[in-house]
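Before any comments, here is the structure.
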Amino acid sequence: MCGICGCGAAADGEDHVHADGTRHRHGHGGHSHDHDHDHVHGHGHGPHRVDLEARILAKNDELAARNRAWFAGRRILAINLMSSPGAGKTSLLERMIRDWGRDLALSVLEGDQATALDRDRIRAAGAPAVQLSTGTGCHLDAEMVARGLRELDPADGSVVLIENVGNLVCPALFDLGEHAKAVILSVTEGEDKPLKYPHMFAASSVMIVNKIDLLPHVDFDVARAVAFARTVNPGIDMVEVSAKTGQGLDRWRHWLRHEAKAVHASP
């Protein structure tokens, strides 16, 4: 379960399982526990909950700073790809790997709650990939990324693409040490998503509008989506692509190359 948003929390009186495997039953008559460890419940506990959330995020930020230094020392561009489920993150990665594999060294950290299906798709497309399984968790954190990097061992000067868990809420809160966050919005989702999930779009450097090959068949206004995104983040870049047809991918590659040059030029 996510220690910040409380998703996956059990109802009152049900068994409640924590990330460390310990289990107890909530009964708010006395609210007693038979274990001793830091945890956050999916229900309010006033200042104690707020304090623990702050400590969780502070610890994550410390680990993210280490990841950022690790990337910088190797001139690696790291991009955190985020979206709702089904927006096309994995399909876009597959297309990038197949189209650009000869001139861009790409590798992937693949985040999912369960299975290694997407990792296998990435490997089949031709890029190294490591699975990061979150269990009941709804996002990746900096510690998971550090662990994945040790196994992935990306080359100096390469591009690491971190495919986060499909979720437009929690991934925006957790710094992974990446150079930039990129949010993918599918034209099948509706152009109002930036207003409904403002933290995600405010935290992102670029919004990728995917599945534009479907625009003739759906009620989606790209201009409105961009305007809504820039309401919450005036500086956000925008790229329109189709992972299926390849349309717009040159613009997306140009954006990545520009960011890679900035990383390579950093002292």
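Just so it is clear, the model here is predicted, and its values are computed rather than measured.
When every heavy atom of Lys89 is checked against every heavy atom of Gly166, the shortest pair comes out as NZ-CA, 3.8 Å. Residues Met144 and Thr134 share a closest heavy-atom pair of SD-CG2, 3.9 Å. Annotation for Pro194 and Leu185: closest pair CD-CD2, 4.4 Å, computed over non-hydrogen atoms. Across all non-hydrogen atoms, the minimal contact from Glu143 to Leu63 is CB-CD1, 3.8 Å. The two atoms that bring Phe201 and Met207 nearest to each other are CE2-SD, 3.6 Å, heavy atoms only. Nearest heavy-atom pair, Ala203 versus Ala172, reported as atom, atom and distance to 0.1 Å: CB-O, 4.2 Å.
When side chains are defined from C-beta on, Tyr197 counts as touching Val169, because their heavy atoms get closer than 4.5 Å. A 4.5 Å side-chain heavy-atom check between Met238 and Val209 finds at least one atom pair inside the cut-off. The shortest side-chain heavy-atom distance between Ser91 and Arg121 falls under the 4.5 Å cut-off. Put simply, the side chain of Phe220 does not reach to within 4.5 Å of the side chain of Ile212, judged on heavy atoms. Looking at Met200 and Pro171, their side chains come closer than 4.5 Å, going by heavy atoms from C-beta outward.
Under the rule for a side chain to side chain donor-acceptor pair (under 3.5 Å), the partners of Glu189 that lie at least two apart in sequence or sit in another chain are Ser84. With sequence neighbours excluded, no residue forms a salt bridge (Lys or Arg N to Asp or Glu O under 4.0 Å) with Glu240. Annotation: side-chain contact (heavy atoms from CB on, under 4.5 Å) contacts of Ala146 (sequence neighbours excluded): Asn67, Arg150. Listed by chain and number, the residues in a side chain to side chain donor-acceptor pair (under 3.5 Å) with Ser186 are Thr188 (sequence neighbours excluded). Applying the side-chain contact (heavy atoms from CB on, under 4.5 Å) rule to His254 yields the partners Arg251; only residues at least two apart in sequence or on another chain are considered. With sequence neighbours excluded, the residues forming a side chain to side chain donor-acceptor pair (under 3.5 Å) with Thr245 are Ser242, listed by chain and number. Residues satisfying the side chain to side chain donor-acceptor pair (under 3.5 Å) criterion with Arg230, sequence neighbours excluded, are absent altogether.
The salt bridge (Lys or Arg N to Asp or Glu O under 4.0 Å) analysis of residues 59-68, with sequence neighbours excluded, yields the pairs Glu62-Arg66, Arg68-Asp175. For the side-chain hydrogen bond (donor to acceptor under 3.5 Å, both in side chains) condition, the pairs that include at least one residue of residues 155-165, sequence neighbours left out, are Asn80-Asn164, Thr90-Glu163. Residues in residues 206-225 take part in these salt bridge (Lys or Arg N to Asp or Glu O under 4.0 Å) pairs, two or more places apart or across chains: Glu191-Arg224. Applying the salt bridge (Lys or Arg N to Asp or Glu O under 4.0 Å) test to every pair with at least one member in residues 102-112, sequence neighbours left out, gives these pairs: Asp103-Arg253, Asp103-Arg257.
Here Leu92 sits in one hydrophobic cluster together with Leu77, Ile79, Leu81, Leu93, Met96, Ile97, Trp100, Leu104, Leu106, Val108, Ile122, Val159, Leu161, Ile184, Val206, Ile208, Val239, Val241, Leu249, Trp252, Trp255, Leu256, Val263; the rule is ILVMFWY side chains under 4.5 Å apart, joined directly or through other members.
Note that CE of Met82 is 8.5 Å distant from CG of Leu176, once rounded to the nearest 0.5 Å. With values rounded to the nearest 0.5 angstrom, Asn167 atom CG is found 8.5 Å from Gln113 atom CD. For the atom pair CG (Asp237) and NE2 (His258), the distance works out to 9.0 Å, reported to the nearest 0.5 Å. Atom-to-atom distance recorded for Thr115:OG1 and Gln131:CD is 6.0 Å, nearest 0.5 angstrom.
Remark: the backbone N or O of Lys244 is paired with a side-chain donor or acceptor of Arg95 at under 3.5 angstrom. Judged by distance alone, the side chain of Arg119 and the main-chain N or O of Ala129 form no donor-acceptor pair under 3.5 Å. Although no hydrogens or angles enter the test, the distance criterion places a donor-acceptor pair under 3.5 Å between the side chain of Asn210 and the main chain of Ala243.
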CA sep, side-chain torsions, deciding dist, call: Ile236, Ser204, side chain to side chain contact (heavy atoms under 4.5 Å, CB included): CA-CA 7 Å; Ile236 196 168; Ser204 297; 4.2 Å; yes

Residues Leu168, Val183; criterion side chain to side chain contact (heavy atoms under 4.5 Å, CB included); working and verdict: CA-CA 9 Å; Leu168 283 176; Val183 59; 4.2 Å; yes

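The hydrophobic clustering, which links ILVMFWY residues whose side-chain heavy atoms are closer than 4.5 Å, places Ile76 and Leu132 together. A chain of hydrophobic side-chain contacts below 4.5 Å, direct or via other Ile, Leu, Val, Met, Phe, Trp or Tyr residues, connects Leu140 to Leu152.
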